[in-house]
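Computed from heavy atoms alone, side chains included, the values below leave out hydrogens, waters and symmetry copies. Here is how names work: the chains are called A, B, and so on, in the same order as the sequence lines, proteins then strands, and each is numbered from 1. Remember, it's a predicted structure, so these values are computed and weren't measured experimentally.
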There are 2 protein chains.
Amino acid sequence: MQLIMLQLRDLPTKETLKKFAQRYPQADISAVSAFLHLLRLATDLSFALDACLSLHGLLQGRWWVLILLMREENLTSTPSALAEKAGVTRATMTGLIDGLERDGLVERLLDSRDRRSVSVRLTAAGQSRLDQVMPDYYRRVHDCMAGLDESDRERLHELLNLIGSGIEAFNQ
Amino acid sequence: MQLIMLQLRDLPTKETLKKFAQRYPQADISAVSAFLHLLRLATDLSFALDACLSLHGLLQGRWWVLILLMREENLTSTPSALAEKAGVTRATMTGLIDGLERDGLVERLLDSRDRRSVSVRLTAAGQSRLDQVMPDYYRRVHDCMAGLDESDRERLHELLNLIGSGIEAFNQ
DNA sequence: TTGACATAGTTAGTTAGCTAACTATAATGC
DNA sequence: GCATTATAGTTAGCTAACTAACTATGTCAA
């Protein structure tokens, strides 16, 4: 599933929104404004995350696979399970694992019980790479969120959940 | 600028976050939780938007170009200006305009004053396409945001702005 | 006024997603 | 027990971003 998002660098002014609302009177201006603000901020955050990860030779997709493996008890999973959890196709996961294996960050192991299946394990080098990137990542996220206290963060979760339950309505 | 975002289908549980926090004690769990929640929701919204636009034969990039043109007084702009406002490279904008021109939704006009420059104008068919898609888009955004009243939406803007001003800190 | 630099747009080639189809293996039901 | 169906993973080809380099044109200063 491909998710390209424009940067929406030029969010509409109130005037622009009203101009559009004249042609499209049903427009809920504050809803559109919130919607675009959210997409725009997430795009900026995603780009900032990319920049951080690239300092450590990683991309979002590969980084996420390493994290998913580290979550596992024995640092091992299968391509299918990883694809499901990362929200990408199995074909995409094949490519992600190829890249990580080439860099020595994961290894493929054959499963003797089901010979269709492959185990993917985080290597010591992979764990070491995570030990480099995660503290940097956590530091940046902490600094970025420093303006919100705990109650702000809870309120944000509530608001995001409200919008999240509206996605079903969006899709109908 | 390419912005691929994993779907992050499998947000960390509190337990997983704590496990990571043991290895990386500096982790600010509620900050990471808010960060990921935001990215995840935006990804879902972006995907829902794609689905809506595809019903009208559009993609986010092309749709956004049409909107930028409609914002202009004379429905006209240049590839460079459009690229800047959309947050994509000029090369990408060439491709977007190519596709829209092929579908007859915009037209390229030569600028007699600066012969390097090209004007891009929204055609009647382009306006008509927007008149199809925008009401549908506005209806969906309205329905999606129906759970938030005006004060919720203002609060959301405040919180997003707080995070937005933290992006600078993220990048350092 | 002309040489150096800047700007507008395009082209060529890369990347990392995607879908669809393929191979190999396992599971199921008649 | 064998044919059908399902599952795991990979491969091939498509798409729409990207960067870098290119052409053409405009600007500016010595």
Out of [options], whichever nucleotide has its closest atom nearest the side chain of [X]:
| X | options | answer |
| --- | --- | --- |
| B/Arg116 | D/dA20, D/dG9, D/dA24 | D/dA24 |
| A/Leu59 | D/dG9, C/dA26, C/dA16 | C/dA16 |
| A/Ala91 | C/dA12, D/dG26, D/dT11 | D/dT11 |
| B/Leu96 | D/dT19, C/dA8, D/dA17 | D/dA17 |
| B/Ser117 | C/dG9, C/dT25, C/dT19 | C/dG9 |

I need the [atom1]-[atom2] distance between [X] and [N], as an integer number of Å.
| X | N | atom1 | atom2 | value |
| --- | --- | --- | --- | --- |
| B/Glu101 | C/dG9 | CD | C1' | 13 Å |
| A/Arg115 | C/dA27 | CZ | P | 12 Å |
| A/Trp64 | C/dG17 | CH2 | C1' | 18 Å |
| A/Arg62 | C/dT15 | CZ | C1' | 10 Å |
| B/Arg113 | D/dT27 | CZ | C1' | 17 Å |
| A/Glu84 | D/dG9 | CD | C1' | 16 Å |
| B/Leu110 | D/dT25 | CG | C1' | 13 Å |
| B/Arg102 | D/dT15 | CZ | P | 10 Å |

Between [X] and [N], is there a side-chain N or O to OP1/OP2 distance below 4.0 Å?
| X | N | answer |
| --- | --- | --- |
| A/Arg108 | D/dT10 | yes |
| B/Thr94 | C/dT11 | no |
| B/Ser80 | C/dG9 | yes |

Closest-nucleotide ordering on DNA chain C, the 5'-leading residue of A/Gly95 and A/Arg90
A/Gly95

Side chain of [X], backbone of [Y]: donor and acceptor closer than 3.5 Å?
| X | Y | result |
| --- | --- | --- |
| B/Lys85 | B/Val65 | no |
| B/Ser117 | B/Asp111 | no |
| A/Arg139 | B/Gln26 | no |

Parallel, tilted or perpendicular: ring planes of A/Tyr138 versus B/Tyr24, cut at 30 and 60 degrees:
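Rings of A/Tyr138 and B/Tyr24: tilted, as their planes differ by 30° to 60°.
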
For A/Asp98 and B/Asp114, find the nucleotide of DNA chain D closest to each by heavy atoms; which residue's nucleotide sits nearer the 5' end?
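That would be A/Asp98.
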
Taking atom types as modelled and ignoring hydrogens, do the side chains of A/Asp136 and A/Gln132 form a donor-acceptor contact shorter than 3.5 angstrom?
no

